[in-house]
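I have placed the structure first, in the form of structure tokens, so that the comments after it can refer back to it.
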2 protein chains.
Amino acid sequence: MGLRERKKEKTRLAILDAAFDLFLEQGYDSTTVDQIAGSVEISSRTFFRYFTSKDHLVLWFHDQGEEIMLETLRTRPADEPSFTALIHGLREVVRDIQLSTPEDTTRFLKLRRLMEENPHLVGLSVARGAATERRLAVEIAARRNVDVMTDQRTHLIVAFAMSILRVGFECPHREVTDVRILVERMEETLELAQNAFRPGWDV
Amino acid sequence: MGLRERKKEKTRLAILDAAFDLFLEQGYDSTTVDQIAGSVEISSRTFFRYFTSKDHLVLWFHDQGEEIMLETLRTRPADEPSFTALIHGLREVVRDIQLSTPEDTTRFLKLRRLMEENPHLVGLSVARGAATERRLAVEIAARRNVDVMTDQRTHLIVAFAMSILRVGFECPHREVTDVRILVERMEETLELAQNAFRPGWDV
DNA sequence: TAATCTATGGCAGTCGCTGACAGATGACAA
DNA sequence: TTGTCATCTGTCAGCGACTGCCATAGATTA
């Protein structure tokens, strides 16, 4: 990897870290892009070359998760029930968090705190989730040999699965100082959710 | 109702109609607030006194639905399973659409077309949905005699129910020229969803 | 009719975001 | 090492969403 790319990655992370710290310190809305750019010593124009919008800072994690979900779907056996396959995707997302570097973990926990303190950001993430669901629905429809446009069940399967992810990450009943707490919580949610459905409902 | 209030309601609807027509004609993004305000002959400053943001034009329906859901929850018997109670809420939302005035129906259908052509708006609506879910969760937690902060099942119940609404409204497999098509579709979705769960999972 | 309340418009300003141009900097071959 | 090229970066000018402030026109009430 060349010097150029390494440098880019470094500023990308620097922006992310600076932004999160500023957000947590003085709030999301009252932090301007100029401030963030300033504290990393780049122009705000450059900021927008790294992140398409201020919001996008918060969505980087989401994008990562989407990729994992899609990737997992491709590797799961074709005859596995769709919902089960999606659940495996969710577990992969969780695993990815567990295995990430300490720096990434810190970033992730900051992001979580940020969302907790600023519910409007949850909305953002959920909005992005709608796009993710459309993409997942295409995959699941192919799997189930149905038409994405007409098959409601496909969309229900995807929507339910993604709901689990969201519920698992929100409402953590005690302070999350460690990803382990989050993972634990996520496992509980998955367990609960899986028991809620009739076997074979997702064929 | 005084002249003042009647006039206000009239401009409110005028703004909504003008905006939707402009959006459908030339796209959401390329329509400015100034244009909308101009075509109703008010200043853009006044526009922002009727709608807190350009986005809010699209969310007015959502807000209405939320109110119906909350209202319904209050009237349902306390010993009814939570999920069932929410489903009744969904049915009330559908009923409200069926019973609305022709003007409102037209507005609603335009909104639907708008969302179809502009997926980004679906995201907006979903984002607002996150806030709605939090409010519904409070009610459901009270019903189930659990703590909103800690009980995951409550959040799952709400999230699943709201997913149904969303799926029912999106992906309509044929052009929606009549609310009846939509209602029909919604019934199918509800049916499908209700059969997906184990009886008693939501106690 | 007078006093009062409130809806509105104009204006100035902030912030997010973009296109266009020019200068700086790393990549790579001779 | 040097020169060429691709890419990254900053500056600047500008648009559109949105807000606070103040003055005024209109509706409401006494």
Any N/O donor-acceptor pair, B:Arg45 side-chain to D:dG20 base, under 3.5 Å: yes
Sugar-phosphate, base or nothing in reach of B:Thr52, heavy atoms under 4.0 Å: sugar-phosphate
B:Gly2 or B:Ser44, whichever maps to the more 5' nucleotide of DNA chain D: B:Ser44
Sugar-phosphate, base or nothing in reach of B:Ser53, heavy atoms under 4.0 Å: sugar-phosphate
A:Leu156 CG to B:Phe160 CZ distance, which is reported to the nearest 0.5 Å: 10.5 Å
Rounded distance in Å - CD (A:Gln35) to C1' (C:dG16): 14 Å
B:Arg4 or B:Ile42, whichever maps to the more 5' nucleotide of DNA chain C: B:Arg4
Touch class at under 4.0 angstrom, heavy-atom based, for B:Thr31 against every strand present: sugar-phosphate
Pair B:Arg76-B:His88, side-chain donor/acceptor within less than 3.5 Å: yes
Touch class at under 4.0 angstrom, heavy-atom based, for A:Phe47 against every strand present: nothing
Lys/Arg-Asp/Glu bridge criterion (N-O < 4.0 Å) met for A:Lys110, A:Asp17: no
D:dC18 OP1/OP2 closer than 4.0 Å to side-chain N/O of B:Lys54: no
Ring centers of A:Phe83, A:Trp201 separated by less than 6.0 Å: yes
Length of the CZ-P vector between A:Phe48 and C:dG19, whole Å: 12 Å
Separation of C:dG9 C1' from B:Arg49 CZ (nearest whole Å): 8 Å
NZ/NE/NH1/NH2 to OD/OE distance under 4.0 Å, B:Arg112 and B:Glu116: yes
Phosphate-side-chain proximity, A:Thr46 and D:dT9, N/O vs OP1/OP2 below 4.0 Å: no
Rounded distance in Å - NE2 (A:His120) to P (C:dG16): 12 Å
Contact under 4.0 Å: A:Tyr50 side-chain N or O vs D:dT9 OP1/OP2: yes
Between C1' of D:dC8 and CZ of A:Arg12, the distance in whole Å: 16 Å
Separation of atom CG in A:Leu3 from atom P in C:dA27, rounded to whole Å: 5 Å
Sugar-phosphate, base or nothing in reach of A:Lys7, heavy atoms under 4.0 Å: sugar-phosphate
Spacing between A:Phe23 atom CZ and C:dC15 atom C1', to the nearest angstrom: 13 Å
Gap between atoms OH and C1', on A:Tyr28 and C:dC15 respectively (whole Å): 12 Å
